[in-house]
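Positions are given from 1 along the sequence. Keep in mind that the numbers below use all heavy atoms, side chains included, and drop hydrogens, waters and symmetry copies.
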Amino acid sequence: MTIAVLAPAPPPAAPTSGWPLDPRPEIVRGFELPPKPWLPGHRGVDLAGRPGQAVLAATPGTITYAGPVAGRGVVTITYGARRTTYEPVVAEVPVGTSVRTGTVIGRLSTVGSHCLPRACLHWGLLQAKQYLDPLTLLGSRPVRLLPLTAQPTPAAAPPTVAPAEPARIGDATYRNRRAAKLVIAATGALALAAGLLARRP
């Protein structure tokens, strides 16, 4: 009898992500998480752009907010517990719209720009209530520079031992040694004299 064993289904692939501006923008200011949630920081990255430039969905998901916040336009895309935010943006998609990575969601505005007089997009990422660096969506990793050719590390040279200096007449060590020799010599002379005296009739 043959028993069929079903392999477990592979986990769903992570949604693809991309830059919210095209071509790839200059990063004007990076992510700076404050040490405490209530302290100032920079909860996202600022990307250089131009007024009216198309703003793209960096991730797939659903538009859950598209409107003004503190006088500047904000668009939020939600995918599960993850949200990406874009500002200042004049939204071109209504709430409830499903978008894919690369879908145009609005146009970059200078009203409320973090980079005045320049236009720039403030791009944010939240996982539940935790702010994260949105560049991690792109698989960015720190670059470590290595030499082009592997070179063996030179062996450490043995420590240099300075040769002992010859004893000088003024050194205390020299004087002590000389005194010890004199004491030994005197003791030997006394012993010899005592022996000679003992042999006399």
Candidate pair Val104 and Val55, rule side chain to side chain contact (heavy atoms under 4.5 Å, CB included), full reasoning: CA-CA 6 Å; Val104 176; Val55 177; over 6 Å; no
How far apart are the closest heavy atoms of Gly61 and Ile77, and which atoms are they? CA-CG2, 3.8 Å
Atom pair CD (Glu87) and CG (Leu108), whose distance is rounded to the nearest 0.5 Å: 11.0 Å
So, for Thr101 and Ala58, which heavy atoms are closest and what is the spacing to 0.1 Å? CG2-O, 3.7 Å
Would a hydrophobic clustering, with Ile, Leu, Val, Met, Phe, Trp and Tyr connected at side-chain separations under 4.5 Å, put Leu138 with Phe31? yes
Sequence neighbours excluded, the answer for side-chain contact (heavy atoms from CB on, under 4.5 Å) partners of Ser109 is Pro88, Val90, Val111
So, Gln53 side chain and Arg50 main chain: donor-acceptor pair closer than 3.5 Å or not? yes
Just how far is it from atom CG of Leu47 to atom CD1 of Ile27, taken to the nearest 0.5 Å? 6.5 Å
Linking I/L/V/M/F/W/Y whenever their side-chain heavy atoms sit closer than 4.5 Å, directly or via other members, would Val75 and Leu126 fall into one cluster? yes
Under a 4.5 Å cut-off applied to non-hydrogen side-chain atoms, are Ser98 and Thr62 in contact? yes
Here the pair of heavy atoms bringing Glu26 nearest to Arg118 is OE1-NH2, 3.5 Å
Find out if a path of hydrophobic residues (ILVMFWY) with successive side-chain heavy-atom gaps under 4.5 Å connects Leu56 to Leu125. no
Shortest non-hydrogen pair, Thr110 vs Pro51, comes out as CG2-CG, 3.7 Å
Should Val28 and Leu121 be regarded as members of a common hydrophobic cluster, given that ILVMFWY residues are connected when their side-chain heavy atoms come within less than 4.5 Å of each other, either directly or indirectly? no
Testing the basics here: between Pro94 and Thr97, what is the closest heavy-atom pair and its distance to 0.1 Å? O-OG1, 2.8 Å
With under 30° as parallel and over 60° as perpendicular, where do the rings of Tyr86 and Trp123 fit, or are they tilted in between? parallel
Partner set under side-chain contact (heavy atoms from CB on, under 4.5 Å) for Thr76, not counting sequence neighbours: Thr64, Tyr65, Val74, Thr78, Arg83, Thr85
Distance, nearest 0.5 Å, that separates CD1 of Ile63 from OG1 of Thr103: 8.5 Å
Nearest heavy-atom approach of Pro134 to Val45 is CG-CG2, 3.7 Å
Straight-line distance of Trp19 CH2 to Leu137 CG, nearest 0.5 Å: 10.5 Å
